[in-house]
Structure formats: C-alpha cells, structure tokens
A.B. asks: 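Below: one structure in structure tokens.
In this text, all values refer to a predicted model and were calculated from it rather than measured experimentally. Per chain, numbering begins at 1; letters A, B, ... match sequence-line order.
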2 protein chains.
Amino acid sequence: VIKVRGLCKDYVMGTNVVHALRDVDLEIHRGEFVAIMGPSGSGKSTFMNVIGCLDRPTAGQYWLDGQEVQGMTDNQLAEVRNRTIGFVFQTYNLLPRTTALKNVELPLMYAGVKDRHKRAAEALERVGLGQRMDHKPNELSGGQQQRVAIARAIVNDPVLILGDEPTGNLDTRTGEEVMALFQELNRQCKTVVLVTHEQDIAEHCKRIVRFRDGRIQSDEPVANP
Amino acid sequence: VIKVRGLCKDYVMGTNVVHALRDVDLEIHRGEFVAIMGPSGSGKSTFMNVIGCLDRPTAGQYWLDGQEVQGMTDNQLAEVRNRTIGFVFQTYNLLPRTTALKNVELPLMYAGVKDRHKRAAEALERVGLGQRMDHKPNELSGGQQQRVAIARAIVNDPVLILGDEPTGNLDTRTGEEVMALFQELNRQCKTVVLVTHEQDIAEHCKRIVRFRDGRIQSDEPVANP
Ligand SMILES: Nc1ncnc2c1ncn2[C@@H]1O[C@H](COP(=O)(O)OP(=O)(O)OP(=O)(O)O)[C@@H](O)[C@H]1O
Ligand SMILES: Nc1ncnc2c1ncn2[C@@H]1O[C@H](COP(=O)(O)OP(=O)(O)OP(=O)(O)O)[C@@H](O)[C@H]1O
Ligand SMILES: [Mg+2]
Ligand SMILES: [Mg+2]
C-alpha cells in the first residue's frame, strides 16, 4: 500500500540545506505492522509527513495504494488523505478551543458522515477518555491530549494508520492499552506504521525500520511480536 | 527545598469538579534527584506546575526554599521562579517565531544577564544542538524542540530543575545523553525533579514518587541509580 523509491527531502534555509531524507527506498504491504525508529533528527517525522501526504518530497517517487502521488493536485491529495489515512501527530495538533469530542468528529465532517457524535464518542471510549469528552485540550493532561489525537486518527476507519510517537507521553499501562488498540486494528487488516523510540513498544509491531541521518539503516522482522 | 502539606488542586468545569491533586504531602531536600511517575491523568503535571510556581493550589501549603509561597504576589512569584527554577514543559512551550538561540536567551533577558548569546550557545551545545541554533521550532524535529526546552531550563543555572517528561520524544541514545546532563547537574548539587513514564529513565534518579488519582501512592529510593 506504500511504495517509495529514491525519496529525498531537503529543507532550504538561506544558504544552508538540511538533507532530512536521502534516497529512501521502502515498501510496506497491506496489513503490515511496522515500527520506525532512529535517533532524534534522523528523518522519521519527515518520512511520515511524506507518506501521510502532508508534505511533498524534493525528489523520488511515492505510490499510495498503487496510485502515484506526484501527479495529484493538492485537492486530490487532501481527498485521498482524508479517505484512507489516519494520522497521529507527534505534537497532537488538536484544535485548542474545541472539545475533545468535536476534535474527534472533525475527520467525519470532512467525509460527510452522518452519525458523527456517536462514532466520535465510541472512539474516545476506546482510548479510555469517555469521561473527558467535553474537555478542551488545555483542560486535559498531556497523555489525554495524545489519546484524543489517536481517537481522531481512527474514527474514520482508515485503511492506513500512521502514528508519530503515539505513546510518547503515556505511562506504561496506558501505552499498553493503546498498543493493544493498534494490534486490534492491525488484526482487522489495517496497515499500521508507528514511529517510536521505545524498544518495548516497537516489539508489539512485526517489523522495525531504523533511520539514521535521513537514510534507512536497517529493516528487520520482529522475532516474536 | 520543596515542602508541601495537604496540597489540593481542583479544576471546576461548570457543574463538574476534577480533583487533580488530593491532599499531597511531600518533602524534597536540596540536591535530591527525584523521578515522578504514575498513570496518564494522575496529577503529575498539575503537581509540577504548583511546585514550579506556575499555578496556585486550591488548598494546602507550599514552602519553596523555606519561604511560604501562598503569601507571595504574582510578581514576587514570577521573580522567585525566574531566579531559582528551570522548567522543561511537557509541551516545550517555545516561542514559535523565534530561533532556538533566542528561545534559550529568554530567561537570561529576564535576569538581566550580560553575555546572553555566549551562554545560550553553550547550553544548546550541551544538548547537542550546536548546528541548529538559528532554526525556529517549526524547523526542528520533535526531539530537537524538546532539547531546546531543556537548554532554556538550564541556561540560568537554576538551583531547582523541574522536567515534565523531558525525554518523551527522544531516542534511547539522545535520552541517555540528556539523563547524563541531568546527573551532572545533580552532582553539582542542583535539585532535579523529573516526570517520566519510562522505568529505565526513572532509574537514573535516586528516588521514585508514584502518583495515582491525585495522591502519592508510593515513595521509594532507587536501588542502584
Ligand atoms: N485546566 C484543566 N481543566 C480541567 N481539568 C484539567 C485541567 N488540567 C488538567 N485537568 C485534569 O486533571 C487531571 C490531571 O492532569 P495532569 O495534567 O496533572 O495529569 P498527568 O499526570 O500529567 O498526565 P499525563 O501523564 O497524561 O501528562 C487529568 O484528569 C486532567 O483531565
Ligand atoms: N521545516 C524545517 N526546516 C528546516 N529543517 C527542518 C525542518 N523540519 C525538520 N528539519 C530538520 O530535518 C531533520 C529531520 O527532522 P525530523 O523531524 O524528520 O526528525 P525526527 O527523526 O522525527 O526526529 P525526532 O525523533 O526528534 O522527532 C532534523 O535535523 C531537523 O532539524
Ligand atoms: Mg519526529
Ligand atoms: Mg502531564
């Protein structure tokens, strides 16, 4: 469902160029459960933003579900993204003056789905926030905000779920509950790709891809997920 | 240096009250190195905001360095805070349209320190960001933003360092480097209090205080930090 060839991403800042991604080749098939690891600044979020159709590469090719993404207009990209991808941002990106429930309803509004309220409430229940639906982000703890972002990413039942450090602010037990949720979605044949820096979180996945300085350093199956 | 008795913090939302802290008693002596752990939503950040003089409790007493905080005006509180405390926020709280260097200089401007530029550059070098000083937060990775927040917290050489999940977005090796920095500061007799959800990060500290539902559930020394 994801195929990239020769992917490059440069950030040009004045006379300085940061090569965030250098010639990345990767294939992820439908139903896989992949962890992306690597040092801080190695290009993980940049890679997730490209495969999540939130940013365009400087060079290289990307096929999402067999369709080449380069040729799409921004509107087509947004439409594909809303329909097929659920994205959990490293910094949550919740609307600050909006309740948790309304934040989770947002993807359903774009998709024109009818029973938004009920489906958003169910998604929040699934991440353990049934008691916090009417809180705004600044009335929630860091880990609770993170879980609202996860609920928003799964509410539209996307075929591809991308999570950038989705357990970064969760204690071990809540992190386990969230990983159980991702494992359940993967059993339903959703493709799940998570960035994490925690080895025991990565070992809930089936494959670990390690980045270093903008390149893929290794790509190994997990022995016993 | 930190003493709290009967500390309570309630959030009132319409007809609903969230008891974020319930009757917390705790003492932390100068030069201690304490980890605060506990489930998501258990009151860790609320506690850190109170002892960091960023928020006032609903009830109870707090002595910072022997001085009772209740009696202080907002201005006195801000002055004590800028002079004695370095705070690493769970969500970094960097100024978005300002470079990393200028963000780190900020506490030095409040304190009226002269050679701000040099000291801010040194603090950024210490967290491994010497090459990223002129990047703005949106031009930095999640873990790099987190490290700018750490540099800003230590640049004014505070006697008390409070970090709320300071390694939440850092890979293992960068996380180790940051913990080595905190251990070094603690060897220089700074008091360090860190919230973390990672057991191996907590074991770099000398004492683990666990929160649950707004109360302290346990308070144990670490066997071999
Ligand atoms: N401004 C607020 N208004 C209402 N409720 C709040 C507010 N801030 C926090 N809370 C609630 O108080 C409780 C404690 O929050 P706190 O941020 O201290 O938790 P935490 O232990 O830091 O959690 P995490 O590990 O997820 O960061 C949470 O249940 C949260 O929903
Ligand atoms: N908008 C930008 N402008 C300039 N440089 C950027 C920008 N965004 C990212 N970078 C740089 O590109 C590199 C890769 O960033 P990226 O966010 O992908 O790293 P990461 O692996 O997600 O790191 P972390 O684990 O810390 O989140 C970093 O060195 C960063 O400084
Ligand atoms: Mg990142
Ligand atoms: Mg918190």
Side-chain angles (χ1 to χ4, degrees), chain A residues 11-14 16 18 20 36-46 48-49 89-92 94 99 127-129 131-132 134-147 164-165 167-178 195-202 210-212, chain B residues 11-14 16 18 20 36-46 48-49 89-92 94 99 127-129 131-132 134-147 164-165 167-178 195-202 210-212:
Chain A
Y11 292 111
V12 179
M13 305 178 60
N16 196 13
V18 176
I36 294 190
M37 303 188 79
S40 175
S42 57
K44 305 180 297 295
S45 295
T46 302
M48 293 290 268
N49 292 342
F89 291 88
Q90 191 168 6
T91 50
Y92 322 149
L94 301 174
T99 64
V127 296
L129 289 179
Q131 304 298 313
R132 294 272 182 272
D134 53 350
H135 284 225
K136 298 193 178 72
N138 68 338
E139 296 166 342
L140 291 170
S141 78
Q144 290 169 339
Q145 292 177 38
Q146 187 155 45
R147 284 180 280 160
D164 198 342
E165 296 280 358
T167 62
N169 269 295
L170 299 179
D171 60 286
T172 306
R173 210 179 110 210
T174 312
E176 285 294 327
E177 288 167 13
V178 162
V195 171
T196 182
H197 65 276
E198 296 179 63
Q199 189 65 27
D200 46 357
I201 295 288
R210 281 180 196 280
F211 274 73
R212 190 175 186 79
Chain B
Y11 292 110
V12 178
M13 304 179 60
N16 195 14
V18 175
I36 295 190
M37 304 188 78
S40 174
S42 55
K44 307 180 295 296
S45 295
T46 303
M48 292 291 267
N49 292 342
F89 291 89
Q90 190 167 5
T91 50
Y92 321 148
L94 299 175
T99 64
V127 295
L129 288 179
Q131 303 299 313
R132 293 272 181 273
D134 53 350
H135 284 226
K136 298 192 178 74
N138 70 336
E139 295 168 343
L140 291 170
S141 78
Q144 290 169 340
Q145 293 176 38
Q146 187 155 47
R147 286 180 278 160
D164 196 341
E165 296 279 358
T167 62
N169 270 295
L170 299 179
D171 60 287
T172 306
R173 211 180 107 209
T174 312
E176 285 295 326
E177 288 168 13
V178 162
V195 171
T196 182
H197 65 276
E198 295 179 64
Q199 188 65 27
D200 47 356
I201 294 289
R210 279 182 198 280
F211 276 73
R212 189 174 188 80

A.B. asks: Could you tell me which portion of Ser40(B) (side chain, backbone, both or neither) has an atom closer than 4.5 angstrom to a non-hydrogen atom of chain A?
C.D. replies: both
A.B. asks: Under a 4.5 Å cutoff for heavy-atom pairs, which residue among Asp171(A), Asp200(A), Asp164(A) has the most contacts with chain B?
C.D. replies: Asp171(A)
A.B. asks: Only pairs of heavy atoms separated by less than 4.5 Å count here; which of Gln131(A), Gln145(A), His135(A), Arg132(A) has the most with chain B?
C.D. replies: His135(A)
A.B. asks: Could you check which of Gly41(A), Ser141(A), Pro39(A), Gly143(A) has the highest count of heavy-atom pairs closer than 4.5 Å to chain B?
C.D. replies: Pro39(A)
A.B. asks: For Thr174(A), which atoms come within 4.5 Å of any heavy atom of chain B: side chain, backbone, both, or neither?
C.D. replies: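 Side chain of Thr174(A) only, per the 4.5 Å heavy-atom cut-off to chain B.
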A.B. asks: Flag the one option from Gln146(B), Arg147(B), Arg173(B) with the top tally of heavy-atom pairs under 4.5 Å to chain A.
C.D. replies: Arg147(B)
A.B. asks: Check whether Val18(B) gets within reach of chain A through its side chain, its backbone, both or neither, counting any heavy atom under 4.5 Å.
C.D. replies: side chain
A.B. asks: What is the minimum heavy-atom distance between Met48(B) and Ile36(B), and which atoms define it?
C.D. replies: SD-CD1, 4.2 Å
A.B. asks: State, to 0.1 Å, how close Gln90(B) and Gly142(A) come at their nearest heavy-atom pair, and which atoms those are.
C.D. replies: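 Closest heavy-atom pair between Gln90(B) and Gly142(A): NE2-CA, 3.6 Å.
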A.B. asks: Nearest 0.5 Å please: distance from the NZ atom of Lys136(B) over to the CE atom of Met13(A).
C.D. replies: 7.0 Å
A.B. asks: Let me confirm one number: the CZ-OG distance from Arg210(B) to Ser42(B), rounded to the nearest 0.5 Å.
C.D. replies: 10.5 Å
A.B. asks: Side chains of Asn169(A) and Tyr92(A): does their closest heavy-atom pair fall under 4.5 Å?
C.D. replies: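 Counting from C-beta outward, Asn169(A) and Tyr92(A) do come under 4.5 Å.
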A.B. asks: With rounding to the nearest 0.5 angstrom, report the CG to CD distance, Leu170(B) to Glu177(B).
C.D. replies: 9.5 Å
A.B. asks: I'd like to know which of Gly14(B), Gly168(B), Gly175(B), Gly38(B) tops the heavy-atom pair count under 4.5 Å against chain A.
C.D. replies: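 If we count pairs closer than 4.5 Å to chain A, Gly168(B) comes out on top.
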A.B. asks: Check each atom of Thr167(B) against the heavy atoms of chain A and say whether the ones under 4.5 Å are side chain, backbone, both or neither.
C.D. replies: backbone
A.B. asks: Please classify the contact between Glu198(B) and chain A as side chain, backbone, both or neither, with a heavy-atom cut-off of under 4.5 Å.
C.D. replies: side chain
A.B. asks: How long is the gap from CG on Leu140(A) to CG on Leu94(A), to the nearest 0.5 Å?
C.D. replies: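 One gets 8.5 Å once the value is rounded to the nearest 0.5 Å.
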A.B. asks: Measure distances from Thr172(B) to the heavy atoms of chain A and classify the residue's part below 4.5 Å as side chain, backbone, both or neither.
C.D. replies: both
A.B. asks: Can you tell me if Gln199(B) has over 12 outside heavy atoms packed within less than 6.0 Å of its CD?
C.D. replies: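 Atom CD in Gln199(B) is crowded, with more than 12 foreign heavy atoms closer than 6.0 Å.
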A.B. asks: Can you say whether Gln144(B) sits under 4.5 Å from chain A via the side chain, the backbone, both, or neither, judging by heavy atoms?
C.D. replies: both
